[in-house]
Amino acid sequence: IGDEILVIDGQGTVATCRILKFQGKEIHLEILKSEKKDKSRSYYFHLYIAPTKQNDRIEWMFEKAVEAGLDEITFIETEHSEKNRINISRLERIALSAIKQSSQFYLPKINPLVKLTALQFDNSFLLAHCNEDETKLGLIDALKGIDKTKKISILIGPEGDFSNAEIQNFYQAKVRAISLGNNRLRTETAGLYCAMVLNASL
């Protein structure tokens, strides 16, 4: 009682509070001051990713991506997807823990699973796939031509990658393809790699 703590609402507000009393599992606080914090980064990163067979892998990736700077995530169902269920409430708890750990003030938006065919693409989208394509740019090079204040959406496929038909549909929709390096990455590794590179580059 009497100690001061910081309280956040997940929408950018941080309040300095004094503990007044404990009542069961409740803590009663007095708000001493509050302020609205700007985001720590100028860009908005939206990750579209197919869930992995093992929950712990995608949860680990999500936690670390939030720490690195993830604003929104959408899980996608593709032709090669092997899992079509996501525990949103568990991911919300993971996100809350991750932003507190990394001293952030904004909770990422978590969208439910959607079919890939339901997505509408615009010029913010970058596609990571494993097929040979000499026109693919590395992620770092692709980011050089992007306005740092705009939305960046990256598509990551399932174990087994996007199908050839899906990749052709992306190309027809003018989605730009990118390379994540010479090594073939696991789905969750690819998602985290993108978050880390964005954090370092922008």
Review point. Does any non-hydrogen side-chain atom of L143 lie less than 4.5 Å from one of I152?
Key: yes
Practice item. Let me see the working for K33 and E35 under salt bridge (Lys or Arg N to Asp or Glu O under 4.0 Å), right down to the final yes or no. Key: CA-CA 7 Å; K33 63 178 180 178; E35 59 179 318; 5.7 Å; no
Check your understanding: So with a 6.0 Å cut-off around CG of L32, is the heavy-atom count from everything else above 12?
Key -> yes
Review point. Just wondering, more than 12 heavy atoms not from I140 lying within 6.0 Å of its CD1?
Key: no
Point to revise | Taking every non-hydrogen atom, the tightest pair across Y106 and G12 | key: CZ-CA, 3.4 Å
Check your understanding: Looking at I88 and P112, what are the two nearest heavy atoms and their distance?
Key -> CD1-CA, 4.1 Å
Review point. Closest heavy-atom contact between G160 and H80?
Key: O-ND1, 3.3 Å
Exercise for review: With rounding to the nearest 0.5 Å, note down the distance linking OG in S179 to CD in E134.
Suggested key: 12.5 Å
Point to revise | Side-chain heavy-atom pair T187, P51 within 4.5 angstrom cut-off | key: no
Review point. Which distance, rounded to the nearest 0.5 Å, do you find between the CG of D161 and the CD of E79?
Key: 11.5 Å
Exercise for review: Under the side chain to side chain contact (heavy atoms under 4.5 Å, CB included) rule, what do V7 and I5 come out as? Steps first, then yes or no, please.
Suggested key: CA-CA 7 Å; V7 177; I5 61 173; 4.2 Å; yes
Review point. What heavy-atom pair brings G191 and L47 nearest, and what distance separates the two atoms?
Key: CA-CD2, 4.2 Å
Point to revise | H46 side chain to T74 side chain, donor-acceptor N/O pair below 3.5 angstrom | key: yes
Review point. Below 4.0 angstrom, N of the basic side chain to O of the carboxylate: do D122 and K151 qualify?
Key: no
Practice item. Determine whether the side chains of N87 and N55 contain a donor N or O and an acceptor N or O closer than 3.5 Å. Key: no
Check your understanding: Does a sphere of radius 6.0 Å around NZ in K174 hold more than 12 heavy atoms from other residues, nucleotides or ligands, not counting ones at 6.0 Å or beyond?
Key -> no
Practice item. Output the distance between atom CD (E77) and atom NZ (K115), rounded to the nearest 0.5 Å. Key: 4.0 Å
Practice item. Look at the side-chain heavy atoms of Ile, Leu, Val, Met, Phe, Trp and Tyr, link any pair under 4.5 Å apart, and say whether M196 and L137 land in one connected group. Key: no
Check your understanding: Is any side-chain heavy atom of L139 less than 4.5 Å from a side-chain heavy atom of C194?
Key -> yes
Check your understanding: OG/S81 to CG/L113 distance, rounded to the nearest 0.5 angstrom?
Key -> 7.0 Å
Check your understanding: Checking side chain to side chain contact (heavy atoms under 4.5 Å, CB included) for the pair I73/M61: CA distance, chi angles, key distance, verdict?
Key -> CA-CA 11 Å; I73 189 167; M61 181 281 301; 4.3 Å; yes
Check your understanding: Is the shortest heavy-atom distance from the side chain of F75 to the side chain of N111 under 4.5 Å?
Key -> no
Exercise for review: Determine yes or no for a side-chain-to-main-chain donor-acceptor pair under 3.5 angstrom, with K100 supplying the side chain and A95 the backbone.
Suggested key: no
Point to revise | Minimal non-hydrogen separation, I58 against A50, with atom names | key: CD1-O, 4.1 Å
Practice item. With side chain to side chain contact (heavy atoms under 4.5 Å, CB included) as the test, would you mind laying out the steps for L116 and F162 before giving the verdict? Key: CA-CA 10 Å; L116 184 62; F162 294 109; 4.1 Å; yes
Review point. Quick one: does K36's side chain have a donor or acceptor within less than 3.5 Å of a partner on Q11's backbone?
Key: yes
Exercise for review: List the atom of F121, the atom of A173, and the distance in Å for their closest heavy-atom pair.
Suggested key: CD1-CB, 3.9 Å
Point to revise | Polar contact flag, side-chain donor to acceptor under 3.5 angstrom, Q54-T52 | key: no
**Study point:** Crowding at NZ, K39 (>12 non-hydrogen neighbours, <6.0 Å)
**Key:** yes
**Study point:** Side-chain heavy atoms of L126 within contact of V175, under 4.5 Å
**Key:** no
Check your understanding: With side chains defined as the heavy atoms from C-beta onward, is the minimum distance between I86 and F62 less than 4.5 Å?
Key -> no
Point to revise | Shared hydrophobic cluster for V197 and L127 (ILVMFWY, side-chain gaps under 4.5 Å) | key: no
Check your understanding: For the hydrophobic clusters of this structure (ILVMFWY residues joined by side-chain heavy atoms under 4.5 Å, transitively), does one cluster hold both I49 and L119?
Key -> no
Practice item. Compare all side-chain heavy atoms of L198 with those of Y193 and state whether any distance is below 4.5 angstrom. Key: no
Point to revise | side chain to side chain contact (heavy atoms under 4.5 Å, CB included) between L96 and E92, intermediate numbers included | key: CA-CA 6 Å; L96 179 58; E92 288 173 344; over 6 Å; no
**Study point:** Side-chain H-bond candidate by donor/acceptor type, Y171 with D133, under 3.5 Å
**Key:** yes
Review point. Do H129 and K136 have side chains that get closer than 4.5 Å, going by heavy atoms?
Key: yes
Review point. Any chain of hydrophobic side-chain contacts (each under 4.5 Å) joining I178 to I76?
Key: no
Practice item. Could you tell me whether a side-chain N or O of Q168 sits under 3.5 Å from a main-chain N or O of A165, the two making a donor and an acceptor? Key: no
Exercise for review: Run the salt-bridge test on R90 and E59 with the 4.0 Å N-O cut-off and return the result as yes or no.
Suggested key: yes
Check your understanding: Are E72 and Y44 linked by a side-chain donor-acceptor pair shorter than 3.5 Å?
Key -> yes
Point to revise | Interatomic distance, F170 atom CZ to L155 atom CG [nearest 0.5 angstrom] | key: 5.0 Å
Exercise for review: Name the orientation class of the two ring planes belonging to Y48 and F125 (parallel below 30°, tilted from 30 to 60°, perpendicular beyond 60°).
Suggested key: tilted
**Study point:** Under 3.5 Å: donor-acceptor pair, side chain of T13, backbone of D9
**Key:** no
Review point. Is there a donor-acceptor contact under 3.5 Å from the side chain of Q104 to the main chain of V66?
Key: yes
Check your understanding: How many angstroms lie between atom CD1 of I19 and atom CG of L29, to the nearest 0.5 angstrom?
Key -> 6.5 Å
Review point. Between R41 and D71, does at least one N-O distance fall below 4.0 Å, as a salt bridge requires?
Key: yes
Check your understanding: Counting N and O atoms only, with roles assigned by atom type, does the side chain of H28 sit under 3.5 Å from a partner on the main chain of L20, one being a donor and the other an acceptor?
Key -> no
Exercise for review: Classify the side-chain pair E67/S102 by whether it contains a donor and acceptor separated by less than 3.5 Å.
Suggested key: no
